[in-house]
S.K.: 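Sharing a structure here in structure tokens format.
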Amino acid sequence: MGPRWKGKGSEAKALAVPISRSILDLQASLIESNSHGMLSGCSVVLASNAEQTDLLNQTCFGRPIITVDKDKQWFQLTFEEAFYLCFSLRCINIVGGDNSVKTKDQLWEYMISKKPSFPTFFKAYSHLRIKNWVVRSGCQYGVDFVAYCHHPSLVHSEYGVMVFSEGNGNDRLRVWSDFQCTLRLCGSVAKTLLILHVNKTCENAIASPSYLDGYSVEERTITRWNPERCREDQVIVETRKF
Amino acid sequence: MEIEEWAASSGGSSDSEVTAPDSDSEENCYAYGDLPKLQFRKDTSKACWKEELGMAEIVSNKGRMWTTTGIARGGKIYIFLEDILFLAEIGALHLLDDEDKCIPLEDIYKKVAEGVGGSSWESFEVYRHLKSLGYIIKRHGVCWSVKRDKRVPAFVEGESGSQRIINNGNADLSSITATTELFSAMQITELRPVFDVYPPNSKFRKSNPGNPIFVLCISTGSPPTKKQVEDLEGKCDGVSLKFCYVEHGRVSFFSFNQIELPVLP
């Protein structure tokens, strides 16, 4: 299943403005304005100027908060999004309630305390983002993330992503009816179920984000095979631009 | 671009629901007396049950099905219980005992229930589902054909260790049955490759079958773990793998595909 573009001209638009370029622009802009996000519960709240607003929307980082504030636009970011901007792209700082800038280790510790699965989820999120996939929450589809090959206004998402960590084995899809349920859900919105297996290479790998490089990610799709409809001897392999 | 436009379109609700054609049609609920009955065919083949092999030997073959069913050994065709039951249910085969008397369907069901020759009800359901759709199926680990003159030294692993049997033509059959008995002795929950599945093909030749389109593993318990999938892939020599399970008479098939998402522009 290749990308399903929305309407004529979407693919061309996407080729004209690749996500990687928008992200570089976003990075530069945030660095220039010395942007700071505010830790709040399980979110990070970030103010943005007009240019950054456009770029955040184009690259799908965060959700805009609609307010009366005329001077600034406000966004709320998930842990993964905030940590990616802060730690991977190094373009924002994050402050705590006491207005002090958090170090990466402090942030890491805080996020894990709120969400124990954060390390594996972040590894999976950054694995996709590094390849320039657009990654959003998948909770309304019963999965962890949904992945698009460009902006959701131009293309339907191809993958419903679930994150499995080593050692936890199959505590997510434990019995066959779990598979049936998730696959049916994914299938009804034309997404392929993608499992990202995150493997930690050493025992204490959650102690610090510097261990993230030592994690590995394996990709597996799970698909139903329908013997009534399938003629596998006619598989055509296309090289994809996206 | 207006912020609302981008924001609204970046919401998840922009993904439209696509209703895939539902392959699960409504189950027909039959009232007693309405159940359809199959008729015996005019040209019914005959096979002789061989207790010691847990298989039957075809003695009279009618119809075109024998190009795609059964294994050829020493110029004869042998069939497993799933082949027998499938053909018996549709009236295409009479199974005969030593005295040439027809073995009734009930007794064939009993043999499957007992797991004779490495068979099982679930593997039969899977077999029947695919066979009815025209797929060509063979037990994994068994050859379609062995030439008549070949003296095949066979390893037969019994409980007492391995024995080497050299016997013209029958060696391979004994090794097959030993393997199948080994299968039926395995734990029910053990996941293993059961069938090699080939696409429907009117020109199929047992002497030159080509590669199966996939090897099928039947799960009776939980879905496979990543490690189990990897171990099985390692054993199947590059042929793709599928997993299925049977519940309440419905067979569901799944693929666990290793992929690598491309780096996008």
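Chain A is the first sequence line, chain B the second, and so forth, proteins listed ahead of strands; every chain is numbered from 1.
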S.K.: Could you pull out all residues at least two apart from A:Ser216 that satisfy side-chain contact (heavy atoms from CB on, under 4.5 Å)?
M.R.: A:Asn199
S.K.: Is any side-chain heavy atom of B:Ser252 closer than 4.5 Å to a side-chain heavy atom of A:Arg224?
M.R.: yes
S.K.: Where does B:Phe254 contact chain A at under 4.5 Å (heavy atoms): side chain, backbone, both or neither?
M.R.: both
S.K.: Do A:Leu194 and B:Ile259 come within less than 4.5 Å of each other through their side chains, counting heavy atoms only?
M.R.: yes
S.K.: For B:Leu261 and A:Lys131, which heavy atoms make the closest approach, and how far apart are they?
M.R.: O-NZ, 2.8 Å
S.K.: With a 4.5 angstrom heavy-atom cut-off, could you sort out which part of A:Leu128 is near chain B: side chain, backbone, both or neither?
M.R.: side chain
S.K.: Any idea how B:Phe214 and A:Trp225 line up, ring-wise: parallel (<30°), tilted (30 to 60°), or perpendicular (>60°)?
M.R.: perpendicular
S.K.: Flag yes if more than 12 heavy atoms outside B:Asp237 fall under 6.0 Å of its CG atom; otherwise flag no.
M.R.: no
S.K.: Where is the tightest heavy-atom contact between A:Ser20 and B:Pro265, given as atom of each residue plus distance?
M.R.: OG-C, 3.4 Å
S.K.: To the nearest 0.5 Å, what is the distance between OH (A:Tyr148) and CG (B:Leu264)?
M.R.: 14.5 Å
S.K.: To the nearest 0.5 Å, what is the distance between CD (A:Glu218) and CD (B:Glu230)?
M.R.: 5.5 Å
S.K.: Please report the shortest heavy-atom distance between B:Tyr135 and A:Pro227, naming the atom on each side.
M.R.: OH-O, 2.8 Å
S.K.: Given a strict heavy-atom distance threshold of 4.5 Å, which part of A:Leu183 is in contact with chain B: side chain, backbone, both, or neither?
M.R.: side chain
S.K.: Is it the side chain or the backbone of A:Leu193 that comes within 4.5 Å of chain B heavy atoms, both, or neither?
M.R.: neither
S.K.: Hey, what do you get for OG (B:Ser255) to CZ (A:Arg220), rounding to the nearest 0.5 Å?
M.R.: 10.5 Å
S.K.: Return the CZ to CZ distance between B:Phe256 and A:Phe179, rounded to the nearest 0.5 Å.
M.R.: 4.0 Å
S.K.: Check whether A:Trp176 reaches the backbone of B:Thr220 with its side chain - one donor and one acceptor, N or O, closer than 3.5 Å.
M.R.: no
S.K.: Look up atom CD in A:Glu228 and atom NE2 in B:His129, then write down how far apart they are to the nearest 0.5 Å.
M.R.: 4.5 Å
